[in-house]
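Remember, it's a predicted structure, so these values are computed and weren't measured experimentally. Read the numbers this way: they start at 1 and go in the same order the structure lists the ligands and their atoms. Values below: every heavy atom of this structure, side chains too, minus hydrogens, waters and symmetry copies.
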Amino acid sequence: MLDLKFIREHPDVVRSAIEVKRVELDLDELLRVDAELVALRQRQEALLADRNANAKLVPKASPDEKAALIHKGKDLGEQIKANEPAIRAHEDHLKVLLLQVPQIPDDRAPIGTSDEENVELRRHGELPTFGFQPKDHVQLLEMHGWADFERVAKVSGSRSYLLKGDAARLELAVLMYALDFLADRGFTPLSTTALVRPETLVATGHFPGGEDQVYKLEGEELMLAGTAEVPINSLYAGEILSGDDLPLTFAGFSGAFRSEAGSAGRDVRGLMRVHEFKKVEQYVLCKEEDAWGWFDAMLENAEMMLRALGLPYRVLANCTGDMGRGKVYMNDVECWVPSEGKYRETHSCSYLGDWQARRTGLRYRDADGKVKFAHTLNNTGLAVPRVLVPLLEVHQQADGRIFVPEALRPYLRGREYLG
Ligand SMILES: Nc1ncnc2c1ncn2[C@@H]1O[C@H](COS(=O)(=O)NC(=O)[C@@H](N)CO)[C@@H](O)[C@H]1O
């Protein structure tokens, strides 16, 4: 959500954001509803003032004047009452429209319509060369008996997965590594829910617009979040925090559920794109002046973890058409997947300004007592099973064993190889 005052004073800036982010919104309709609501409220205030002034005259009035004043007071009261439905309807309509207004993208964001126009910023890590025919991650899992896609499909349908033995341990090792790595950098570890109320999805900006991505429980006011960003972002909803309590930084572990509506046919094999996965999420709630520093810190956290895991990666600046409605700026991190011969997304680092905080009611009182909206940011820590795809493929040996990066060995009883 943007400040209505900003929208009124900078309609062209907002119009441009609507255009470059390809958002369906008629800003003129919003401005019209807003202007009508201002006029309705002004008329209502005038009527209320008249009624109050009129009421003050009654006690001092002569008997015959009194009757006329009381009649006038009743008439004013009826006019006031008659205006209320229109005022409420305009307020509701304006709220719906305001929730659709996109955040203004940073000047550094490339202008573009789809992920093809994301701009590579940097790469890191030599691409692996194999003295043997490398296998893809599904072949590696199956040769070790580490997965059972057929059986789990009987249980859970398509885009499901199950890991066995060392692969199950590897998944948990990656999550624990991410949680410890971030905790060592001051992020508070959280093990949190995925079951959330709908308003938490409006608060992050997933709704309106992303309803088809989210599983809803039949007959319940609960849904399954696709990322721990959702529950974490609403933990302090509606509160006014002390500036001294900021920044709040969380490493949030949770299950993550996604319908993947619209992804038919993409990544249907293996671990890349599943309905239920697990992720350690980086989330920061801070003051405006600290926000860009946290964006850089969270991106660096992801890069340092990938370097420790020995995964070649690249960082992209997401274009305006790919970053989503609420973002000021966004960088994806993609890891090299040998079997595909290309980099695939494993992280998304986003800065949302106060756009989420306005929707969520996240405010703080700063040093001079002024109440301000917080700024929020998030980035993937490590998400499994997707990051296991590059991890297994890049570290596979000729005999199919998987080399275990130093960073993960403490979580795998010191093992140097799996399989
Ligand atoms: N369907 C899926 N299956 C497996 N992994 C997924 C799926 N969807 C997303 N992920 C993983 O989760 C990461 C973050 O997802 S995201 O939508 O891009 N971004 C977020 O959720 C943000 N909260 C930052 O984590 C992705 O980069 C990817 O590694």
*Among Thr380, Asn379, Asp332, find the one that has a side-chain hydrogen bond (donor to acceptor under 3.5 Å, both in side chains) with Ser348.*
Asp332

_Proximal ligand 1 atoms for Met272, defined as those under 4.0 Å from one of its heavy atoms_ = 3 (N), 4 (C), 5 (N)

*For Val284, does its backbone N or O pair with a side-chain atom of Thr249 as donor and acceptor, under 3.5 Å?*
no

*Within a distance under 4.0 Å of any heavy atom of Thr227, pick out the atoms of ligand 1 and give their elements.*
21 (O), 23 (N)

*Of Lys164, Lys278, Arg386, which meets salt bridge (charged side-chain N to carboxylate O under 4.0 Å, His left out) against Glu171?*
Lys278

*Which residue and non-hydrogen atom of the protein lie closest to atom 7 (C) of ligand 1, and at what distance in Å?*
Phe277 CE2, 3.4 Å

*With a cut-off of 4.0 Å, which atoms of ligand 1 are near a heavy atom of Glu281?*
22 (C), 23 (N), 24 (C), 25 (O)

*Please say whether the positively charged group of Arg359, taken as NZ for Lys or CZ for Arg, lies over the ring of Trp355, i.e. under 6.0 angstrom from the six-membered ring centre and within 45 degrees of the axis.*
yes

*asked:* Can you tell me how the ring of Tyr313 sits relative to the ring of His124, calling it parallel under 30°, perpendicular over 60° and tilted otherwise?
replied: parallel

_Close-contact set for ligand 1 against Ala383 heavy atoms, below 4.0 Å_ = 11 (C), 12 (O), 29 (O)

*asked:* Whether the side chain of Glu276 engages the backbone of Ala256 through a donor-acceptor N/O pair (distance < 3.5 Å, no angle test) should be reported.
replied: no

*Number the atoms of ligand 1 from 1 as they appear, then name those within less than 4.0 Å of a heavy atom of Thr380, with their elements.*
13 (C), 14 (C), 24 (C), 25 (O)

*Could you list which atoms of ligand 1 come closer than 4.0 Å to a heavy atom of Glu229?*
22 (C), 23 (N)

*Which heavy atom of the protein is the closest neighbour of atom 22 (C) of ligand 1, given with residue, atom name and distance?*
Asn378 OD1, 3.3 Å

*Would you mind finding which of Arg258, His206, Arg266 brings a heavy atom closest to atom 20 (C) of ligand 1?*
Arg258

*Option set Ile232, Val274, Thr346, criterion heavy-atom distance to atom 2 (C) of ligand 1, minimum*: Val274

_Glu289 atom CD, neighbour heavy-atom count above 12 within 6.0 Å_ = yes

*Which of the numbered atoms in ligand 1 are below 4.0 angstrom from a heavy atom of Glu260?*
1 (N), 2 (C), 8 (N)

*Quick one: which ligand 1 atoms are inside 4.0 Å of a heavy atom on His347?*
27 (O)

*Of the protein's non-hydrogen atoms, which lies at the shortest distance from atom 19 (N) of ligand 1, and what is that distance?*
Ser348 CB, 3.8 Å

*Within 45° of the ring axis of Phe6 and under 6.0 Å from its six-membered ring centre, is that where the NZ or CZ of Arg8 lies?*
no

*Side-chain donor or acceptor of His375 paired with backbone N/O of Cys286 under 3.5 Å*: no

_Selected option - heavy-atom contact closest to atom 18 (O) of ligand 1, from Arg386, Arg273, Glu345_ = Glu345

